[in-house]
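In what follows, every chain begins at residue 1, and chains take the letters A, B, ... in the order their sequences are listed.
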Amino acid sequence: FFGPGAIQAAWGAAGDPYEIPDYGNVTLLHMTDSHAQLLPVWWREPDINIGVGPVLNQPPHLTGKWSLDYYGVPAKTANGYAFSCLDFDTLAHKYGKIGGYAHIASLVKRYRHERGDKVLMLDGGDTWQGSATSLWTKGADMVGAQNLLGVDDMVGHWDFTYGQDQVEHLVKTELKANFLAQNVFSNTWQELVFKPYHIHEVSGRKIAVIGQAFPFTPIANPGYMIPDWVFGIHTEHMQKMVDECRQQQKADLVVLLSHNGADVDKKMASLVKGIDIILGGHTHDIMGPKPFMVGKTLIINTSTNGKILARFDLDVGKGKLNGWRFYYLPVFSNLIKADPEMTAYVEKVRAPYKEKLAQPLATTESLLYRRDNFNGTFDQLLCDALREEMDCEAAFSPGFRWGYCKLPGETITMEDVMGQTAITYPQVTINEYTGAQIKNIMEQVADNIFNVDPYYQQGGDMIRVGNIQYDFDPDEKIYHRCSNMRVGGKAMSATKKYKVAGWAATTAPVEGKPVWEVFAQWLQAKKHVRVEKMDLPRLNSDMKSNHGIAFPKEYGL
Amino acid sequence: GDVSGWPAKAFDAKVLNDAMMASVGKTDVPVSPKVKLTAPSIAENGGAVPVTIEVDSPMTADDYITTVYLFVDHNPTPLASQFSFTPASGQAYIQERIKMAKTDNVRVIAKTSKGELLASAPREVKVTIGGCGG
Amino acid sequence: MADNIGNPMLRMPSTAKKGELVEIRSLIMHPMLTGLTKDKSGKLIPAHFIQTVTATFNGKPLLDIDWSTAVSANPFLAFKMRAEDNGTLKVVWKDNQNGDWSAESKLTVS
Ligand SMILES: [Mn+2]
Ligand SMILES: [Mn+2]
């Protein structure tokens with residue numbers, strides 16, 4: 001199973017980290033938000049993930065040392081590397097890339113072999129988007145991988161951005177798993193578009209899996225791509241589904257496969273009675289190795305990019321959960337032998353694009369990453385590229401949470417550029433915004449992240465800005481969070497117009513070059529890139545002791 | 001021209017208080033847990049915001065909900081709809097879709113056959129730009 | 001526009017137990033113009049919207065609705081009725097430009 005000597009080298013006496021003692025009659029395996037990364041990648045956890053209001057200093061709003069202390073995980077260990085941002089590039093060299101479908105498949109097959117038909121494999125969505133090949137095959141390469149992995153149920157978010165017709169095609173004719181959503185309704189008659197739940201028979205018990213799509217898909221992404229479908233959180237309907245599963249379907253266990261995001265899951269668990277376990281995604285959080293409890297509901301979030309495989313072993317009795325054990329397993333690709341069948345599949349789907357993917361563009365001299373509340377080094381490069389290529393004084397780039405890392409010294413290829421930009425609405429635009437409009441956009445986006453009521457949070461990160469400086473107070477209300485705004489270091493005028501480059505417009509289709517072309521062209525011209533300093537806001541001094549900030553100095557604290 | 005019986009005066013009112021006075025006849029109605037208003041926290045399409053109204057009532061001949069008024073605080077016509085039930089309805093229940101131009105409160109006032117007025121808590125529906133995501 | 005107007009539709013169960021609450025859902029194609037929007041030449045487009053919806057069962061009043069221009073285009077409406085007798089539900093929509101549409105659906109009560 002492992003490469004010879006690998007375990008000893010990395011774990012010493014700890015032995016096989018994937019060995020799990022037999023327990024209970026049902027095993028749930030959960031992965032989520034792979035963002036179509038078929039191969040292992042580098043993935044650094046954010047150093048800033050601020051929680052406000054009721055979720056202040058609660059998981060997953062713990063970063064760096066705060067997170068490791070909360071979970072009792074020592075720094076500078078394999079799990080310390082997987083669960084935090086600390087010493088990322090040093091530890092990356094030691095512990096290697098994470099994820100990869102061939103490595104995940106190897107683990108899943110092993111557990112199926114050990115646990116027999118006690119296993120359900122659940123996929124939390126954002127599976128079909130995030131890579132060049134998924135974009136070019138319109139999600140089909142990922143559906144093939146899911147089928148090989150034996151996914152039982154899935155839910156969706158970015159998956160919907162291929163448009164209604166393609167989603168229906170994949171769900172009806174390609175995907176073997178059930179595509180579940182209790183919160184997607186037709187625009188005309190307000191009827192369910194997908195199956196809301198599926199009842200699985202495992203060890204003679206009835207396991208209900210209810211699906212929850214990302215509630216804000218038509219707002220966070222182009223609604224015009226899915227014109228006949230209405231989303232939303234639908235707490236009452238969720239309660240109805242839970243009751244239906246328990247009373248009519250006689251479910252012994254109710255599992256919610258959710259793409260709500262961590263804080264929305266927590267609020268939903270406080271309002272809906274009767275959910276045993278929420279397997280969460282969307283916010284890409286480390287929310288393990290201990291589940292978070294709201295009432296009697298166990299809640300986890302299972303990271304992203306194939307980094308973690310979560311496993312619940314359950315003792316399910318008649319109508320109730322008697323006991324559970326939980327394992328939050330980082331997928332260390334160089335310690336797990338790749339599954340040959342999945343390896344062959346991945347090679348096959350990548351083969352037609354191999355040359356294009358491998359095209360070298362530039363070398364990076366510093367660590368490139370995206371995930372953080374306000375900016376990432378990869379986004380800073382993208383903003384710089386947009387400004388220079390489009391001849392603009394400022395740039396906006398969306399606060400997406402996907403997009404993997406590159407280590408210092410690595411070559412940025414076309415595949416890596418696609419790994420940051422592969423979306424179905426990639427056009428670059430130039431907008432003439434007044435200072436007031438710039439502030440309004442930033443305030444609106446900020447409120448979708450830092451609203452104290454989780455039901456108003458959309459689970460992304462703050463819009464990235466190139467050459468715009470500002471002070472920021474997450475605890476304020478909308479229109480009062482951003483202040484002292486400057487463009488190029490000079491005070492921003494509310495009435496003056498600024499030329500701002502941007503991409504990923506959501507309200508209507510626009511004309512423009514795809515962002516990957518603009519970015520690739522810029523990288524090729526630069527040959528070597530290095531991010532010395534990011535456009536980051538200065539945070540309000542109250543944030544000094546916020547446990548979601550690992551490096552307060554970076555934010556002027 | 002207007003359909004006969006359509007309450008033009010209440011619909012012509014341009015601000016919430018006037019619309020309430022012209023329809024309900026009062027502006028300060030106590031909030032009651034019996035009036036349930038469901039609307040999305042964030043509108044996906046400001047042109048079609050789904051709203052569900054349910055009022056707890058026996059709906060018998062001598063105790064039922066006669067009228068339910070639906071308001072959007074800052075719409076050009078704050079009174080959006082008015083529903084007159086009968087005991088035969090069995091439940092004071094409505095689902096429809098309304099227009100909202102910007103972030104605003106939706107609220108409901110219900111009138112019982114005994115003349116009692118009950119209000120829902122105002123429900124804020126946010127109309128916002130998107131463009132981010134995990 | 002005239003092609004996209006009308007076509008009222010009702011969806012409800014055809015049978016119910018006596019005393020049971022039945023949900024009726026309806027849809028009608030209508031632009032529901034507010035009178036506040038302008039055409040390409042900058043002229044205000046006159047308001048054109050459904051003002052009343054009336055539901056009766058066996059001719060007896062069930063529900064009367066008054067709508068403003070704030071109701072969305074192609075209005076969807078759901079409401080309930082207590083099943084007591086066999087009979088016919090009739091819904092009538094009327095707009096401010098003399099438009100008038102109706103739809104019927106039968107219910108058998110056991
Ligand atoms: Mn997502
Ligand atoms: Mn995601």
Side-chain angles (χ1 to χ4, degrees), chain B residues 1-13 19 23 43 45-55 58-60 64-101 104 106, chain C residues 16 18-28 31-37 46-85 87 89 92-100:
Chain B
D2 291 343
V3 178
S4 88
W6 187 73
K9 201 173 155 242
F11 284 122
D12 285 346
S23 54
N45 169 3
V49 179
V51 174
T52 305
I53 303 164
E54 285 166 279
V55 190
M59 295 302 274
T60 55
Y64 67 100
I65 300 297
T66 58
T67 321
V68 166
Y69 308 87
L70 171 66
F71 299 95
V72 182
D73 288 9
H74 299 94
N75 259 10
T77 59
L79 178 61
S81 302
Q82 171 173 318
F83 311 92
S84 302
F85 295 93
T86 59
S89 295
Q91 188 189 4
Y93 164 92
I94 286 290
Q95 230 186 315
E96 66 174 23
R97 294 191 282 248
I98 57 171
K99 298 169 194 164
M100 293 181 72
D104 207 346
V106 180
Chain C
K18 193 171 165 68
E20 191 185 329
L21 278 178
V22 172
E23 183 172 359
I24 299 120
R25 298 178 306 138
S26 70
L27 200 57
I28 185 166
M32 297 299 282
L33 299 173
T34 59
L36 302 172
T37 51
H48 183 198
F49 65 107
I50 294 171
Q51 292 188 315
T52 65
V53 189
T54 313
T56 52
F57 192 75
N58 287 343
K60 281 181 282 194
L62 178 66
L63 176 67
D64 278 330
I65 298 177
D66 299 303
W67 272 346
S68 74
T69 52
V71 172
S72 307
N74 305 331
F76 170 84
L77 174 74
F79 56 94
K80 287 185 183 170
M81 174 181 73
R82 188 175 281 135
E84 293 292 353
D85 303 301
L89 175 90
V92 177
W93 293 259
K94 290 183 180 174
D95 77 12
N96 67 329
Q97 295 184 9
N98 297 321
D100 188 330

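- Side-chain atoms of C/Ser72 come within 3.5 Å of backbone N or O of B/Arg97 as a donor-acceptor pair.
- Among B/Pro87, B/Ala10, B/Ala80, B/Pro78, the residue making the largest number of heavy-atom pairs under 4.5 Å with chain C is B/Ala80.
- For the atom pair CD1 (C/Ile28) and CG (C/Asp95), the distance works out to 8.5 Å, reported to the nearest 0.5 Å.
- A side-chain donor-acceptor contact under 3.5 Å links B/Trp6 to the backbone of C/Trp67.
- Not counting sequence neighbours, the partners of B/Tyr93 by the side-chain hydrogen bond (donor to acceptor under 3.5 Å, both in side chains) test are B/Gln95, C/Glu23.
- Contacts with chain B were tallied for C/Ala83, C/Ser68, C/Ala73; C/Ser68 has the most, counting heavy-atom pairs under 4.5 Å.
- With hydrogens and angles ignored, the 3.5 Å screen pairs a side-chain donor or acceptor of C/Ser26 with a backbone N or O of C/Leu77.
- Residues from residues 66-76 of chain B that place a non-hydrogen atom less than 4.5 Å from a non-hydrogen atom of chain C comprise B/Asn75, B/Pro76, given in numerical order.
- B/Ser89 places a side-chain N or O within donor-acceptor distance of the main-chain N or O of C/Leu62, the cut-off being under 3.5 Å.
- Neither the backbone nor the side chain of C/Asp100 comes within contact range of chain B; no heavy atom of the residue lies under 4.5 Å from a heavy atom of that chain.
- Among the residues in residues 49-60 of chain C, those with a non-hydrogen atom closer than 4.5 angstrom to a non-hydrogen atom of chain B are C/Phe49, C/Gln51, C/Thr52.
- Top candidate by heavy-atom pairs under 4.5 Å with chain C, chosen from B/Asn45, B/Val51, B/Val3, is B/Val3.
- Rounding to the nearest 0.5 Å places CG of C/Leu63 at 7.5 Å from OG of B/Ser84.
- In terms of heavy-atom pairs under 4.5 angstrom with chain B, the leader among C/Lys80, C/Met32, C/Arg25 is C/Lys80.
- Options C/Asn96, C/Leu21, C/Asp64 differ in how many heavy-atom pairs under 4.5 Å they form with chain B, and the most are formed by C/Asp64.
- The environment of C/Lys94 atom NZ is sparse: at most 12 non-hydrogen atoms of other residues, nucleotides or ligands sit within 6.0 angstrom.
- Contacts of B/Ser81 classified as side-chain hydrogen bond (donor to acceptor under 3.5 Å, both in side chains), with partners at least two apart in sequence or in another chain: B/Glu96.
- The structure places CG of C/Leu27 at 7.5 Å from CZ of C/Phe76, a figure rounded to the nearest 0.5 Å.
- For the set B/Thr77, B/Thr52, B/Ile53, B/Ile94, the entry with the most heavy-atom pairs within less than 4.5 Å of chain C is B/Ile94.
- Heavy atoms closer than 4.5 Å to chain C are found in the backbone of B/Leu79, but not in its side chain.
- In terms of heavy-atom pairs under 4.5 angstrom with chain B, the leader among C/Ile65, C/Asp66, C/Ile24 is C/Asp66.
- A donor-acceptor pair is defined here as one N or O able to donate and one able to accept, closer than 3.5 Å; no such pair exists between the side chain of B/Lys99 and the backbone of B/Gly47.
- For C/Glu20 and C/Arg82, the salt-bridge test fails: no basic side-chain N is under 4.0 Å from an acidic carboxylate O.
- Looking at B/Phe83, both its backbone and its side chain come within 4.5 Å of chain C, counting heavy atoms on both sides.
- In plain terms, the two heavy atoms of C/Gln97 and C/Ala47 that are nearest each other are NE2-O, 3.3 Å.
- B/Gln91 CD to B/Met59 CE: the interatomic distance, rounded to the nearest 0.5 Å, is 8.0 Å.
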